[in-house]
Trainee: 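Please find one structure pasted underneath; my questions will follow.
Keep in mind it's a predicted model, so treat the numbers as computed, not measured. The chain is numbered in sequence order, starting from 1.
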Amino acid sequence: MPTLANHYGHPFQGLATDAPVSGTSQGALGNVHGDSFDLWLDFVPRNAAQFGVMLRTGTSGDATRIGYDTRTASLFIDREQSGQVDFNPGFPGIYTAPLLPDRDGHVRFRILVDRSSVEAFGGTGQTALSALIFPSATDLGAAAFSVGGTAVLHSAWAAPVIGKP
């Protein structure tokens with residue numbers, strides 16, 4: 001039976017381990033890029049108010065932020081600047097779902113990125129969010145971020161998702 005693993009390209013290299021993230025950190029995610037990929041992240045919050053990843057970044061200045069808010073203990077998808085958002089006033093927004101850190105204090109999430117959608121799964125499946133996005137076709141970058149302090153990217157794994165094995 002085919003599985004998603006049969007549709008992975010070679011995993012991205014150079015992802016940081018135990019890397020402090022303060023502000024925006026391009027280097028923490030190595031060479032993760034593209035319009036379709038699977039990304040697994042394990043963060044330690046430290047004193048950050050928010051932390052996570054900006055996806056489908058590039059020269060346009062747009063990005064979809066997926067992260068964790070320590071003040072509300074929630075996973076979020078922020079698509080306020082995720083490309084074309086002005087076609088309907090209800091489209092841009094920040095969507096949240098509750099998520100507690102695990103017993104070791106880590107916050108883990110898995111993100112599936114496709115050309116026009118993102119799905120974020122928190123913990124070991126405790127919560128999930130999904131959203132449509134309409135980024136520029138040339139915005140293919142990714143970066144880690146934190147707001148209001150520092151978080152630590154404890155570990156990360158990512159691989160492109162390809163159409164056929």
Side-chain angles (χ1 to χ4, degrees), residues 1-9 11-12 15-25 28-30 32-57 63-83 85 90-135 141-161:
M1 171 182 281
T3 65
L4 184 59
N6 294 341
H7 296 280
Y8 286 140
F12 293 110
L15 281 73
T17 56
D18 294 319
V21 177
S22 182
T24 303
S25 175
L29 293 181
V32 174
H33 67 282
D35 61 8
S36 298
F37 54 90
D38 190 353
L39 177 61
W40 297 68
L41 302 163
D42 177 346
F43 281 96
V44 178
R46 290 242 179 119
N47 63 349
Q50 293 183 341
F51 56 86
V53 293
M54 297 184 307
L55 303 172
R56 300 297 307 268
T57 63
T64 300
R65 291 182 342 126
I66 300 177
Y68 187 76
D69 189 316
T70 60
R71 299 163 297 189
T72 60
S74 60
L75 179 68
F76 67 84
I77 294 178
D78 176 352
R79 65 178 186 186
E80 291 183 326
Q81 296 181 343
S82 63
V85 298
F91 184 81
I94 301 172
Y95 307 91
T96 65
L99 178 66
L100 294 174
D102 67 17
R103 65 176 157 241
D104 297 326
H106 290 231
V107 175
R108 294 176 173 90
F109 32 95
R110 177 184 187 189
I111 302 166
L112 294 170
V113 179
D114 199 1
R115 288 181 182 92
S116 63
S117 67
V118 292
E119 294 180 69
F121 303 92
T124 56
Q126 286 87 344
T127 195
L129 292 169
S130 181
L132 290 173
I133 58 172
F134 301 108
F145 77 88
S146 72
V147 175
T150 300
V152 173
L153 180 57
H154 178 66
S155 65
W157 180 91
V161 177

Trainee: Would you mind reporting whether Pro45 and Val107 have side-chain heavy atoms less than 4.5 Å apart?
Mentor: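 They are in side-chain contact.
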Trainee: Measure across Leu15 and Ala158 and return the closest heavy-atom pair with its distance rounded to 0.1 Å.
Mentor: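 Scanning both residues completely, I find the closest heavy atoms to be CD2-N, 4.0 Å.
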Trainee: Do side-chain atoms of Arg110 reach the backbone of Asp38 as a donor and acceptor pair under 3.5 angstrom?
Mentor: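 Side chain of Arg110 to backbone of Asp38, a donor-acceptor pair under 3.5 Å: no, none is there.
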Trainee: Taking only residues two or more places apart in sequence or in another chain, which ones pass side chain to side chain contact (heavy atoms under 4.5 Å, CB included) with Ala128?
Mentor: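 Checked Ala128 against side chain to side chain contact (heavy atoms under 4.5 Å, CB included); matches are Phe121.
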Trainee: Please list, chain by chain and in numerical order, all residues satisfying side chain to side chain donor-acceptor pair (under 3.5 Å) with Asn47, sequence neighbours excluded.
Mentor: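 With sequence neighbours excluded, Asn47 shows a side chain to side chain donor-acceptor pair (under 3.5 Å) to no residue whatsoever.
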Trainee: A side-chain contact here means heavy atoms from C-beta on lying under 4.5 Å apart; do Leu39 and Phe12 qualify?
Mentor: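 The answer is no, as the side chains (C-beta and beyond) never meet within the 4.5 Å cut-off.
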Trainee: Run the side chain to side chain contact (heavy atoms under 4.5 Å, CB included) test against Asp35 and tell me which residues pass, sequence neighbours left out.
Mentor: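 Only Arg56, Arg115, Leu140 meet the side chain to side chain contact (heavy atoms under 4.5 Å, CB included) criterion with Asp35.
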Trainee: If the condition is side chain to side chain contact (heavy atoms under 4.5 Å, CB included), which residues does Ser116 pass it with, not counting sequence neighbours?
Mentor: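 Phe134.
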Trainee: Considering non-hydrogen atoms only, spot the tightest contact between Gly9 and Ala159 and give its length.
Mentor: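 In this case the closest contact between Gly9 and Ala159 is O-CB, 3.9 Å.
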Trainee: Give, for atom CG of Asp69 and atom CG of Asp78, the distance between the pair rounded to the nearest 0.5 Å.
Mentor: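 Going from CG on Asp69 over to CG on Asp78, the span is 11.0 Å.
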Trainee: By salt bridge (Lys or Arg N to Asp or Glu O under 4.0 Å), which residues pair with Arg103, not counting sequence neighbours?
Mentor: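 For Arg103, no residue satisfies salt bridge (Lys or Arg N to Asp or Glu O under 4.0 Å) once neighbours in sequence are set aside.
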Trainee: Does the side chain of Leu112 come within less than 4.5 Å of Val118's, by heavy atoms?
Mentor: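 No, too far: nothing below the 4.5 Å cut-off.
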Trainee: Is any side-chain heavy atom of Ile66 less than 4.5 Å from a side-chain heavy atom of Met54?
Mentor: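 Result no, sub-4.5 Å side-chain heavy-atom pair not found.
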Trainee: Got a sec, which residues hit side chain to side chain donor-acceptor pair (under 3.5 Å) with Asp42, two or more places apart in sequence or on another chain?
Mentor: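 Asp42 satisfies side chain to side chain donor-acceptor pair (under 3.5 Å) with His106, Arg108 only.
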Trainee: Checking side-chain contact (heavy atoms from CB on, under 4.5 Å) for the pair Phe37/Ile111: CA distance, chi angles, key distance, verdict?
Mentor: CA-CA 8 Å; Phe37 54 90; Ile111 302 166; over 6 Å; no
Trainee: Show the nearest heavy-atom pair for residues Val85 and Ser82, with the distance to one decimal.
Mentor: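 Closest heavy-atom pair between Val85 and Ser82: CG1-OG, 3.7 Å.
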Trainee: Once side chain to side chain contact (heavy atoms under 4.5 Å, CB included) is applied, do any residues pair with Ala19, and if so which ones, sequence neighbours excluded?
Mentor: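 By the side chain to side chain contact (heavy atoms under 4.5 Å, CB included) rule, Ala19 matches Ala16.
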Trainee: Give the minimum heavy-atom separation between Leu29 and Ala144, together with the two atoms involved.
Mentor: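 So the minimum-distance heavy-atom pair works out to CD1-N, 3.8 Å.
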Trainee: Show me the pairs that pass side-chain hydrogen bond (donor to acceptor under 3.5 Å, both in side chains) and involve residues 126-135, at least two apart or across chains.
Mentor: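 Listed by first then second residue: Thr124-Gln126.
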Trainee: Donor-acceptor pairs are to be reported for all side-chain atoms of residues 146-157 against protein atoms at under 3.5 Å, with residues two or more places apart or in another chain.
Mentor:
from	atom 1	to	atom 2	distance (Å)
Ser146	OG	Val21	O	2.8
Ser146	OG	Gly23	N	3.2
Ser146	OG	Gly149	O	2.8
His154	ND1	Asp18	OD1	2.6

Trainee: Could you give the distance from CG (Leu129) to CG (Leu75), rounded to the nearest 0.5 Å?
Mentor: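 That separation rounds to 5.0 Å.
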Trainee: Who pairs with Asp104 by side chain to side chain donor-acceptor pair (under 3.5 Å), at least two apart in sequence or on another chain?
Mentor: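 With neighbours one apart ignored, the set is empty.
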Trainee: How far apart are the closest heavy atoms of Pro101 and Tyr68, and which atoms are they?
Mentor: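 Minimum heavy-atom separation between Pro101 and Tyr68: CD-OH, 3.3 Å.
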Trainee: Just how far is it from atom CZ of Phe51 to atom CZ of Arg46, taken to the nearest 0.5 Å?
Mentor: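 Phe51 CZ to Arg46 CZ: 12.0 Å, rounded to 0.5 Å.
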Trainee: Does either side chain, that of Ser36 or that of Asp114, offer a donor lying less than 3.5 Å from an acceptor on the other one?
Mentor: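 Present: a donor and an acceptor within the cut-off.
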Trainee: Return each pair, listed once, that meets salt bridge (Lys or Arg N to Asp or Glu O under 4.0 Å) where at least one residue sits in residues 141-150; pairs must be two or more places apart or across chains.
Mentor: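 Sorted pair list comes back empty.
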Trainee: Is the NZ or CZ atom of Arg65 both under 6.0 Å from the centre of the six-membered ring of Phe76 and within 45° of that ring's axis?
Mentor: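 No, a cation-pi geometry is absent between Arg65 and Phe76.
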Trainee: For a 4.5 angstrom cut-off between non-hydrogen side-chain atoms, does Thr96 reach Thr72?
Mentor: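 No, side chains not in contact.
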Trainee: Nearest 0.5 Å, what's the CZ-CZ distance between Phe109 and Phe43?
Mentor: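 Here the interatomic distance stands at 5.0 Å.
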Trainee: Using the test side chain to side chain donor-acceptor pair (under 3.5 Å), find all partners of Thr57 that sit at least two apart in sequence or belong to another chain.
Mentor: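 Applying side chain to side chain donor-acceptor pair (under 3.5 Å) to Thr57 gives none.
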Trainee: Checking the side chain of Thr70 only, and the main-chain atoms of Ala49 only, is there a donor and an acceptor separated by less than 3.5 Å?
Mentor: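 Yes, because the side chain of Thr70 sits within donor-acceptor range (under 3.5 Å) of the backbone of Ala49.
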Trainee: Compare all side-chain heavy atoms of Leu41 with those of Val53 and state whether any distance is below 4.5 angstrom.
Mentor: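 Yes, their side chains come closer than 4.5 Å.
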